[in-house]
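Some notes on the structure that comes next.
Here is the naming used below: chain letters follow the sequence lines, and residue numbers restart at 1 for every chain.
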2 protein chains.
Amino acid sequence: MTDRAATPRTPQQPRYGTRPTMKDVAARAGVGLKTVSRVVNGEPGVTADTERRVREAIGALGFRRNDSARILRKGRTASIGLVLEDLADPFYAPLNRAVEEVARDHGALLFNGSSAENADRERELALALCARRVDGLIVIPAGHDHRYLEPEIAAGVATVFVDRPAGRIDADAVLSDNFGGARDGVAHLVAHGHRRIGFIGDRPTVHTATERLRGYHAALDAAGLPADDSRISLGPTTPERVAAEAQRMLTGPHPVTALFTGNNRVTATAVRVLARHPRPVALVGFDDLELADLLSPAVTVVAQDAARLGRTAAELLFRRLDGAGEQPRQVVLPTRLIARGSGELPPADTP
Amino acid sequence: MTDRAATPRTPQQPRYGTRPTMKDVAARAGVGLKTVSRVVNGEPGVTADTERRVREAIGALGFRRNDSARILRKGRTASIGLVLEDLADPFYAPLNRAVEEVARDHGALLFNGSSAENADRERELALALCARRVDGLIVIPAGHDHRYLEPEIAAGVATVFVDRPAGRIDADAVLSDNFGGARDGVAHLVAHGHRRIGFIGDRPTVHTATERLRGYHAALDAAGLPADDSRISLGPTTPERVAAEAQRMLTGPHPVTALFTGNNRVTATAVRVLARHPRPVALVGFDDLELADLLSPAVTVVAQDAARLGRTAAELLFRRLDGAGEQPRQVVLPTRLIARGSGELPPADTP
DNA sequence: TAGAGCCTGGACAACGTTGTCAAGAGCGGG
DNA sequence: CCCGCTCTTGACAACGTTGTCCAGGCTCTA
């Protein structure tokens, strides 16, 4: 006697309505189970009359195939997972959308979740998705050790990292040219006469932050300018910290005449600080902002193409799923300097 | 002879690595299948020594439970689906995140996808999610007929609509006070002396657009001001159309002295048009914008709390899943007028 | 020491689907 | 008229898990 033998069609949880199965459809249509399966999946070998009877039964019962069972049987789930830092961050929204579009083109559904910049949460989420047997995983890493994914990758879960490379494993990654973008942005300021340029970026544990800082140094080096640690600040991108650091760099005996800000959140805060500052200060920010062109001065930015990042990663993922078994590769996408005014301000006279 | 009997542990698709199952773990640990299940699920009735042996085997084989099979057996999937208009729209990003947080608190994973304002695509996506047997569905409707969801809801898929009500079925919905918000925004302009106020909104098929238009009319009525159709424009929110309509309203013999814009996209375009306009024109927009406070003049908005919208909907969904079987209800959340400057400009003299 | 009771562990069916295989019907050609 | 062919159809096992139930070993008490 099993758990359901006594009351054949009454589910254990009564509030969860009972759903018809192929068996029910078959019984009602007076055909075999497999025939229903054939009709549902559009397989050949069913006469028009039989098909009609089956379709009638399907309609009458409101049957919908249970894809969980299908997945179990077939092995592939036609779903992929996206683990990103924060679904609410405007930078990641287009990336998310781009991944979704590609998934849709390949008939796959998309799971997603935020790691909230927390390595444990990233891990927990990624593994939960693997337990659901997603076919592939796109991860914007929060942590720096992704060895926990090794068994999954070995088991066939295609995995692509975006925006930041994987830690301690060899895996596909799609990145922006953070180094080159930052170098170009800072060089732009240098070209407009600035010699004391501040850099405010994300915490040094974030790969993109250090890459952008490298670009900053490279631009200064190329111009023969000295780097001064007091003009460099890496840390949390909370408005409080960023505003305080900006204020600090703007005052003192040798204030900066220009700021390079390491991401969209930092830039937004910097714009607020500069708006209240008496002296004009040049600004170039990494990441584009909505309405950046309408501020005065309009904000010059180094823009990355978030949608393209997402699209490229997803396409690479599906190529892997289709059997492309080459070595893991890193794809680096270019950034684009958009000069709008704030980066073209000349150095202001300082007191 | 079945499909796998000949080569017991070689999957049909060779590129998809073989994964160990509980059976494999049991064999390796020298215990029964059910004992492994007990260990994996933390069920009591396993001695410390047996548990250790099982855990060792799990580690050695890199076993991870197949949740697809678990789902099939248990009935509940611990996942919910979110169908929204556009994952990339900054307005929906915080909503998405809020839903995800609540889902996480309830141990559920989140599927999501964009309908791209297309009713067919909404339907296709929602039904695909139902086929995956999500426990619940949160939908930002694109279409106006949701009867297709009736069998699903009857079968126990908890369903909550957000931002716009469901069409032709009685279902839970969480909405913003679009009518009241628009009325307050327009009244704000009236209070600052405006008598010719333009309204540019989304297409009349979008519920929020017509509600906001109702609010516009209500505010004019309350002030005893006549409504003039030439100052009202509903349609696609493409920059081209919005810019053209704004221009049209700003010129001619009786130009508007103020604009009320029906959503974030319209507002952004209107700001661009007004920035180039010789005469100051007051502006109040529905939906807050990032950096709105930094524009000059700063943009006065009627803000909705997208995160709260999402959170409320998700909490309602999980209450339903926990068995709250009351009548469907509509929850209306308040909006908030944020005066920043652009709405407080007095009417400019017109030629 | 025997009987009762508890604890641990395993055999088995079932969740709803799909792949394999075989059986029966219908039909044409030798 | 029968053989063999094609075409349609259905029976059955299996995917990997969990729930039920039973068996055997152990402890405890009388």
- [ ] Record whether the side chain of B/Arg38 comes under 3.5 Å of the base of C/dG9 through a donor-acceptor pair of N or O atoms.
- [x] yes

Open item on the list: If you compare every side-chain N and O of A/Thr47 against the phosphate oxygens of D/dT9 (OP1, OP2), does one of them come in below 4.0 Å?
Closed with: yes

Open item on the list: Taking the nucleotide of DNA chain D with the nearest heavy atom to each, does B/Val40 or A/Thr35 sit closer to the 5' end?
Closed with: A/Thr35

Task: d(CD1, B/Ile71; P, D/dT17) in whole Å - done: 12 Å

Open item on the list: Classify A/Leu33 by what it touches in the nucleic acid, base, sugar-phosphate, or nothing, heavy-atom distance under 4.0 Å.
Closed with: base

Open item on the list: What's A/Ser68 touching, base or sugar-phosphate or nothing? Going by heavy atoms closer than 4.0 Å.
Closed with: nothing

TODO: Please check if atom CZ in A/Arg121 has more than 12 non-hydrogen atoms from other residues, nucleotides or ligands closer than 6.0 Å.
DONE: yes

Open item on the list: Between the base of D/dG19 and the side chain of B/Lys34, is one N or O donor paired with an acceptor at under 3.5 angstrom?
Closed with: yes

- [ ] Side-chain contact test, heavy atoms from C-beta onward, threshold under 4.5 Å: evaluate it for A/Leu127 versus A/Arg132 and give yes or no.
- [x] no

Open item on the list: If I take atom CE in residue B/Met22 and atom C1' in nucleotide C/dA14, what distance separates them, rounded to the nearest angstrom?
Closed with: 16 Å

Open item on the list: In whole Å, I'd like the distance from the CD atom of B/Glu51 to the C1' atom of C/dG9.
Closed with: 14 Å

TODO: Could you work out which one of C/dG9, D/dT17, C/dT17 sits closest to the side chain of A/Arg65?
DONE: C/dT17

Task: CD1-OG1 distance between B/Ile153 and B/Thr159, expressed to the nearest 0.5 angstrom - done: 4.0 Å

Open item on the list: I need the CG-P distance between A/Asp24 and C/dC15, as an integer number of Å.
Closed with: 10 Å

Task: Interatomic distance where CG belongs to B/Leu72 and P belongs to C/dA13 [whole Å] - done: 17 Å

Open item on the list: Measuring to OP1 and OP2 of D/dT18, would you say a side-chain N or O of B/Ser37 lies under 4.0 angstrom away?
Closed with: yes

Task: Separation of D/dT9 C1' from A/Asp49 CG (nearest whole Å) - done: 13 Å

Open item on the list: Whole angstroms only, please: what is the CD-C1' distance between A/Glu43 and C/dT17?
Closed with: 11 Å

Task: Pairwise 5' ranking along DNA chain D for B/Arg70 and A/Gly45, keeping only the more 5' one - done: A/Gly45

- [ ] Verify whether one side chain among A/Arg65 and A/Asn41 offers a donor that lies under 3.5 Å from an acceptor in the other.
- [x] yes

Open item on the list: Suppose we call a contact any N or O donor and acceptor under 3.5 Å apart; does that hold for the side chain of A/Arg73 and the base of C/dT18?
Closed with: yes

TODO: Write down the distance between NZ (A/Lys23) and C1' (D/dC12), rounded to a whole number of angstrom.
DONE: 13 Å

Open item on the list: Students often get this wrong, so: under 4.0 angstrom with heavy atoms, is A/Asn41 touching a base, only sugar-phosphate, or nothing?
Closed with: sugar-phosphate

TODO: State whether the side chain of A/Ser115 and the backbone N or O of A/Glu117 hold a donor-acceptor pair below 3.5 Å, judged by distance alone.
DONE: yes

